[in-house]
Number of protein chains: 2
Amino acid sequence: MADKATRQAQRSPARRPRVRHNVTAAIGADICGGRFPPGTILPRESDLCETYGVSRTVIRESLKVLETKGLVRGRPRVGTLVCDRAEWNVLDAQILEWMGPDVLSAELLGSILEARRTVEPAAAFLAASRATAQEIADLERACDDMGDAEGDLEAFTAADARFHETLLKASHNKVFHQLSSIIHAALSYALHASNRAAVKRDEALDVHRELVDALRLRDGARAETCSRHILELAARDLSHLMGDAGDLKTH
Amino acid sequence: MADKATRQAQRSPARRPRVRHNVTAAIGADICGGRFPPGTILPRESDLCETYGVSRTVIRESLKVLETKGLVRGRPRVGTLVCDRAEWNVLDAQILEWMGPDVLSAELLGSILEARRTVEPAAAFLAASRATAQEIADLERACDDMGDAEGDLEAFTAADARFHETLLKASHNKVFHQLSSIIHAALSYALHASNRAAVKRDEALDVHRELVDALRLRDGARAETCSRHILELAARDLSHLMGDAGDLKTH
DNA sequence: TAATCAACAATTATACGACAAATTGATGGC
DNA sequence: GCCATCAATTTGTCGTATAATTGTTGATTA
């Protein structure tokens with residue numbers, strides 16, 4: 001998806017009534033992007049009103065939303081404090097989006113990959129016994145879209161993300177399903193930072209299809225193995241991208 | 001029209017601490033508790049003002065917060081729609097708290113247990129190589145508190161929750177660390193619904209201590225095994241609590 | 001008579017101004 | 001030099017007004 005008009009919101013002239021939800025994204029992006037570093041107090045609300053060109057009501061609603069995400073903490077008289085990054089809810093899809101591919105730290109990317117290697121194979125195993133026919137069809141459709149993408153890296157990544165999200169959904173585990181956001185973030189990073197070779201994409205696609213086959217046959221063990229294989233490819237991509245910093249290997 | 005005298009009477013007696021937080025929790029609890037079932041439109045904002053005795057500003061900020069949690073979705077002219085439970089962010093600590101032990105569905109509890117059995121052993125393995133001395137000391141302290149709790153089930157559960165939260169933190173994986181909330185919820189449920197036998201608590205405590213030993217020796221495999229053992233005990237407790245209906249698989 | 005479209009109304013979305021509360025820093029007294 | 005009191009500043013809350021949006025209803029035409 002196109003990343004909205006996050007910085008358009010700051011640049012808006014004056015009276016533009018179409019900026020209710022975008023102010024939250026603008027402030028959130030400014031915090032995640034480092035314009036308001038953790039530990040600092042951001043400007044008082046009346047100043048933020050002028051900065052973002054909206055009323056204090058909107059500013060306050062936005063700050064309350066950011067507060068629920070653990071990004072800031074408001075205290076009377078002292079102002080709104082930007083929380084430490086450790087307190088940020090990194091499972092929140094919007095925060096990951098605001099951080100963007102450029103700001104995502106190597107540590108966080110490593111954490112996400114580790115989590116995927118833990119969760120996704122388990123989800124694949126569960127999906128083998130629980131996936132509905134519709135979900136399997138959706139997975140196959142995602143594979144087809146990945147194949148049709150050809151040179152379009154963005155379309156390929158979108159289909160890839162849909163595949164993994166559907167897989168988590170097909171595990172019929174509510175906790176796993178909620179973790180889709182981190183996969184979006186991981187793939188989004190890979191999309192922007194990499195030029196994945198076509199060969200590897202083909203290889204990945206083959207394994208994806210094999211996983212769907214395993215699901216259709218209700219073969220949990222094989223589905224789990226396929227998932228591990230997919231993530232191994234992703235891990236290779238990532239470590240290659242990050243200059244093999246070495247922190248990625250689990251064992 | 002809001003009765004000004006009444007509101008004055010409310011605020012004058014003592015202090016007026018953080019109206020917004022209470023109102024958000026109240027509406028959230030009413031939604032999670034079933035007073036506003038999914039699919040329904042909740043009363044218009046001016047009515048909510050009277051119901052909860054606050055101004056529309058506070059109501060709107062609360063609704064905005066609930067919207068970010070996926071609980072409701074506001075649309076102009078039509079009102080605020082209560083989203084389906086599938087859209088709720090069940091990883092959110094507050095939502096789990098609002099749902100409470102009575103409302104937590106068997107399906108969600110099963111999902112949480114499944115997720116724990118997937119994540120915690122992996123976290124234990126990682127913690128074996130990454131835990132700091134301070135974290136290991138904290139884990140031991142939690143074990144001691146569990147032992148000191150004796151008959152106090154609440155204190156025991158609190159120490160238990162602190163143990164598992166510290167373990168996830170010691171994995172030094174940001175994603176795992178954020179999942180602490182679901183463990184709190186699971187243990188909170190077990191606390192309110194069960195009368196865990198003292199024998200089992202002793203057995204659990206022994207395994208907890210063994211896990212700390214494994215961490216101290218940097219023995220990842222053994223830590224992982226201990227974690228599995230702990231969760232096996234928890235699973236037995238849970239299935240026993242829920243009338244061994246086998247509800248853990250599906251609905 | 002039925003279908004399409006336009007005007008209306010109701011409700012949310014946003015804005016603005018005011019006051020209350022609370023915390024912190026300063027200032028004066030002991 | 002320390003402590004208590006006061007004032008200032010900023011958030012917290014409130015009330016109302018205006019704009020935007022959409023469901024509804026009624027009219028008009030084929």
Side-chain angles (χ1 to χ4, degrees), chain A residues 4-5 8-10 12-27 31 36 39-68 70-83, chain B residues 1-27 31 36 39-68 70-83:
Chain A
K4 307 294 167 58
Q8 274 282 13
Q10 318 175 7
S12 79
R15 297 287 188 272
R16 198 175 54 174
R18 289 280 181 157
V19 288
R20 58 176 188 276
H21 191 273
N22 301 56
V23 172
T24 306
I27 302 179
I31 292 176
F36 300 125
T40 62
I41 305 261
L42 41 84
R44 57 169 177 270
E45 295 172 352
S46 55
D47 285 347
L48 291 175
C49 293
E50 291 189 6
T51 304
Y52 295 96
V54 293
S55 78
R56 191 159 160 245
T57 307
V58 179
I59 292 290
R60 283 190 56 78
E61 286 181 359
S62 295
L63 290 181
K64 291 303 160 293
V65 170
L66 297 179
E67 197 168 345
T68 67
L71 233 57
V72 300
R73 184 183 317 167
R75 273 172 39 191
R77 161 63 186 151
V78 61
T80 305
L81 173 74
V82 180
C83 292
Chain B
M1 204 66 71
D3 188 351
K4 197 172 195 176
T6 306
R7 197 161 25 249
Q8 287 281 0
Q10 284 179 359
R11 94 173 56 147
S12 49
R15 49 181 172 272
R16 190 180 47 172
R18 305 296 178 275
V19 179
R20 168 186 54 80
H21 189 272
N22 296 333
V23 172
T24 306
I27 302 178
I31 292 176
F36 300 124
T40 63
I41 306 274
L42 33 89
R44 56 169 177 266
E45 295 173 352
S46 55
D47 285 346
L48 292 175
C49 293
E50 291 191 6
T51 303
Y52 295 95
V54 293
S55 79
R56 195 159 157 254
T57 306
V58 178
I59 292 291
R60 283 193 55 76
E61 286 180 0
S62 295
L63 292 180
K64 195 95 173 174
V65 169
L66 295 179
E67 198 169 345
T68 67
L71 235 56
V72 300
R73 183 182 314 169
R75 269 174 39 191
R77 159 65 191 165
V78 61
T80 306
L81 173 74
V82 179
C83 293

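Residue numbers begin at 1 in each chain, while the letters A, B, ... track the order of the sequences.
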- Query: side-chain contact (heavy atoms from CB on, under 4.5 Å) with A:L81: which residues, sequence neighbours excluded?
  - Reply: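 Checked A:L81 against side-chain contact (heavy atoms from CB on, under 4.5 Å); matches are A:I41.
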- Query: Which residues pass the side-chain contact (heavy atoms from CB on, under 4.5 Å) test with B:S46, sequence neighbours left out?
  - Reply: B:R44
Report the residues that fulfil salt bridge (Lys or Arg N to Asp or Glu O under 4.0 Å) with [X], sequence neighbours left out, ordered by chain and then residue number.
| X | answer |
| --- | --- |
| A:R73 | A:E87 |
| B:E67 | none |
| A:R77 | none |

Which atom pairs link the protein and nucleotides 5-9 of chain D when you take only N or O atoms and keep those under 3.5 Å?
unit_1: D:dT9; atom_1: O4'; unit_2: A:R77; atom_2: NH1; d: 3.3
unit_1: D:dT9; atom_1: O2; unit_2: A:R77; atom_2: NH1; d: 3.4

- Query: Can a side chain N or O of B:R75 be found less than 4.0 Å away from OP1 or OP2 on D:dT21?
  - Reply: no
- Side-chain N or O of A:K64 less than 4.0 angstrom from OP1 or OP2 on D:dG12?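 Answer yes for this pair, as a side-chain N or O of A:K64 is under 4.0 Å from OP1 or OP2.
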- Task: Looking only at side-chain atoms of A:V54, point me to the closest of C:dA13, C:dA15, D:dC14.
- Result: C:dA15
- Message: Heavy-atom nearest nucleotide on DNA chain C for A:R56 versus B:R56: which residue maps closer to 5'?
- Response: B:R56
- Query: Mapping B:T57 and B:E45 onto DNA chain C by nearest heavy atom, which one lands closer to the 5' end?
  - Reply: B:E45
- Note on the structure: In whole angstroms, the gap separating P of D:dG12 from CD of A:E61 amounts to 14 Å
